[in-house]
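Right, one structure below, let's go through it.
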Amino acid sequence: MRHDHVITAKQLSREDIEAVLDRAAEMDADTAAYGQRHAGKLLGLCFFEPSTRTKMSFEAAIKRLGGDIVDMGHVESSSVKKGETLADTVRVIEGYADAIVMRHPDEGSAKMASEFVDVPLLNGGDGAGHHPTQTLLDLYTIRQNAGLDDLSIGIMGDLKYGRTVHSLATALTNFDAEQHFISPESLQLPEGVKYDLDEAGAAVAEHTDLEAVLPDLDVLYVTRIQRERFPDENEYQKVAGEYRIDTSALEDARDDLTIMHPLPRVDEIAPRVDPTRHAKYFEQAHNGVPVRMALLDLLLSDQ
């Protein structure tokens with residue numbers, strides 16, 4: 001890796017991505033072989049927002065590498081409640097850990113925090129900004145099931161507030177991928193993301209209807225409507241449940257269509273889809289461990 005911190009998918013070149021994915025594949029094939037690779041290393045967990053998969057998979061990753069965690073714990077029981085600034089918090093945690101994973105509700109917070117620490121800082125999600133480590137495991141899952149070149153991918157749901165979407169769309173510009181964005185008009189990609197995709201020469205199209213494009217897709221990446229990011233509950237209710245995948249919706253899909261979701265889901269994908277050959281979202285969640293093992297390995301090995 002060429003970076004001290006992993007803040008946004010904009011940082012990641014094709015070479016960076018493939019380095020992480022190749023290392024992840026090695027670790028996935030023989031996890032036990034890396035059990036003492038980073039013995040004694042500590043990963044600081046600094047989560048200002050709820051998390052299940054990101055937090056637990058990072059903890060599993062460092063422990064499978066022989067290291068351990070130091071956890072800031074719940075915000076309510078931390079010095080943040082006493083008025084401590086984010087800059088001071090991460091500077092304190094830097095003294096306890098060899099790397100830090102941070103999730104924060106404010107967009108841009110990870111970039112700001114990284115300017116105050118010398119250990120690697122990994123962005124575990126900054127508001128509606130980016131989530132680059134999720135994108136790496138998404139790309140690993142896509143590569144396993146459909147390849148990353150000559151790819152047609154539909155990205156559906158909350159494209160305005162969904163940070164996983166912003167990161168994935170950006171990272172896919174490194175590959176020969178045609179991106180179809182499917183959402184209500186009120187939840188289309190932010191103009192800044194559209195601008196970046198245009199500057200990168202990405203092949204993109206926007207849709208409000210899945211049916212028209214579904215037969216052409218290799219991958220359908222579904223996201224939930226980000227209720228917690230809506231400034232107005234009434235606006236959320238207007239679009240809640242508007243896009244839902246069930247088995248009947250997949251009748252026109254390719255036999256080898258891969259369906260993904262960063263989870264948690266609410267009602268975007270019916271449970272009846274889970275046992276079908278299309279469903280890969282639980283495999284996707286599992287892939288968080290080898291991918292984050294690989295990323296930590298590459299960053300900690302450079303120290």
Side-chain angles (χ1 to χ4, degrees), residues 8-10 12-14 16-18 20-21 24 130-184 187-190 193-226 243-245 249-263 265 268-269 273 276-285 287-288 291:
T8 170
K10 293 180 183 179
L12 302 174
S13 67
R14 180 169 183 145
D16 290 330
I17 293 167
E18 289 181 337
V20 175
L21 303 194
H130 274 254
H131 196 347
T133 71
Q134 175 70 43
T135 289
L136 288 167
L137 73 92
D138 292 342
L139 293 173
Y140 184 73
T141 307
I142 293 170
R143 189 173 78 165
Q144 284 182 316
N145 290 280
L148 287 170
D149 286 308
D150 192 24
L151 176 74
S152 180
I153 179 170
I155 303 177
M156 185 178 81
D158 186 347
L159 311 185
K160 180 178 181 179
Y161 298 112
R163 58 194 173 202
T164 62
V165 169
H166 304 161
S167 286
L168 179 59
T170 299
L172 284 169
T173 63
N174 290 290
F175 302 91
D176 177 20
E178 185 178 83
Q179 301 188 57
H180 295 271
F181 297 104
I182 306 135
S183 72
L187 292 178
Q188 290 181 344
L189 282 175
V193 178
K194 291 181 185 179
Y195 176 83
D196 289 341
L197 296 178
D198 184 63
E199 286 290 291
V204 303
E206 291 185 297
H207 313 267
T208 57
D209 181 15
L210 173 63
E211 290 181 7
V213 70
L214 181 61
D216 299 323
L217 299 180
D218 301 301
V219 176
L220 177 61
Y221 190 95
V222 184
T223 67
R224 72 183 174 90
I225 306 298
Q226 305 275 310
Y243 292 88
R244 177 177 168 85
I245 301 297
L250 297 174
E251 290 176 358
D252 295 327
R254 292 180 179 177
D255 289 343
D256 59 352
L257 173 71
T258 294
I259 298 179
M260 298 172 58
H261 192 305
L263 302 179
R265 65 175 164 183
E268 311 84 37
I269 302 176
V273 177
T276 71
R277 60 184 175 277
H278 303 296
K280 301 296 180 182
Y281 26 91
F282 292 110
E283 173 187 319
Q284 180 183 353
N287 287 339
V291 170

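Each residue takes its place number in the sequence, starting with 1.
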Do Gln284 and Tyr140 have side-chain heavy atoms sitting under 4.5 Å apart? no
Distance (rounded to the nearest 0.5 Å) between Leu136 CG and Gln134 CD: 9.5 Å
Closest approach of Leu137 to Thr141 (non-hydrogen atoms, all atoms of both residues): O-OG1, 2.9 Å
Backbone of Ala171 reached by a side-chain donor or acceptor of Asn174 within 3.5 Å: yes
Find out whether Val204 and Glu206 are in side-chain contact, i.e. whether some heavy atom of one side chain is under 4.5 Å from a heavy atom of the other. no
I'd like to know if the side chain of Asp198 reaches the main chain of Tyr195, judged simply by a donor and an acceptor atom lying under 3.5 Å from each other, with no hydrogens or angles considered. no
Closer than 3.5 angstrom, by distance alone: can the side chain of Asp218 be matched with the main-chain N or O of Ser152 as a donor-acceptor pair? yes
Does any N or O in the side chain of Ser167 come within less than 3.5 Å of the main-chain N or O of Thr164, such that one atom is a donor and the other an acceptor? no
The test is side chain to side chain contact (heavy atoms under 4.5 Å, CB included); show your working for Leu250 and Ile259 and say whether it passes. CA-CA 10 Å; Leu250 297 174; Ile259 298 179; 3.7 Å; yes
Looking at side-chain heavy atoms only, is the closest gap between Leu220 and Met260 below 4.5 Å? no
Could you tell me whether a side-chain N or O of His278 sits under 3.5 Å from a main-chain N or O of Leu257, the two making a donor and an acceptor? yes
Measuring from Thr276:OG1 to Ile269:CD1, what's the distance to the nearest 0.5 Å? 9.5 Å
When rounded to the nearest 0.5 angstrom, what is the spacing between CG in Leu197 and CD in Gln179? 6.0 Å
Check: Asp176 main-chain N/O paired with Asp149 side-chain donor or acceptor under 3.5 Å: yes
Are any non-hydrogen side-chain atoms of Ile17 and Phe175 less than 4.5 angstrom apart? yes
Verify, without hydrogens or angle tests, whether Thr223 (side chain) and Asp158 (backbone) share a donor-acceptor contact under 3.5 angstrom. yes
Atom of Leu159, atom of Phe181 and distance for their closest heavy-atom approach: CD1-CB, 3.4 Å
Distance-minimising heavy-atom pair for Val273 and Ala279: O-CB, 3.5 Å
Short side-chain to backbone donor-acceptor contact, His207 and Asp209, under 3.5 Å: no
Are side-chain heavy atoms of Leu148 and Leu21 found at a separation under 4.5 Å? yes
Can you tell me how far apart CD1 (Ile182) and OG1 (Thr208) are? Round to the nearest 0.5 Å. 10.0 Å
Do Gln144 and Glu283 make a side-chain contact, defined as non-hydrogen atoms from C-beta onward lying under 4.5 Å apart? yes
Nearest heavy-atom approach of Pro132 to Ala9 is CB-N, 4.0 Å
Within a strict 4.5 Å, meaning less than it, do heavy atoms of the Leu172 and Leu139 side chains meet? yes
Is the closest side-chain donor-acceptor distance between His261 and Glu268 under 3.5 Å? yes
Value for CZ (Arg163) from OG1 (Thr135), rounded to nearest 0.5 Å, stands at 11.0 Å
Electrostatic pair Asp255-Arg277, nearest N-O below 4.0 angstrom: yes
If you draw a 6.0 Å radius around CZ in Phe282, do more than 12 non-hydrogen atoms from other residues or ligands fall strictly inside? yes
Under the side chain to side chain contact (heavy atoms under 4.5 Å, CB included) criterion, do Ile245 and Val222 qualify, and how do the steps go? CA-CA 9 Å; Ile245 301 297; Val222 184; 4.2 Å; yes
More than 12 foreign heavy atoms under 6.0 Å from CG of Asp252: is that the case here? no
With rounding to the nearest 0.5 Å, note down the distance linking OG1 in Thr8 to NE2 in His131. 12.5 Å
Closest non-hydrogen atom pair between Leu217 and Leu210, with its separation: CD1-CD1, 4.4 Å
I want to check something: taking the side chain as every heavy atom from C-beta on, are Tyr221 and Asp138 in contact at a cut-off of under 4.5 Å? yes
His166 side-chain N/O to Lys160 backbone N/O, donor-acceptor pair under 3.5 Å: yes
Quick check on Asp216: does its CG atom have over 12 non-hydrogen neighbours (other residues, nucleotides or ligands) under 6.0 Å away? yes
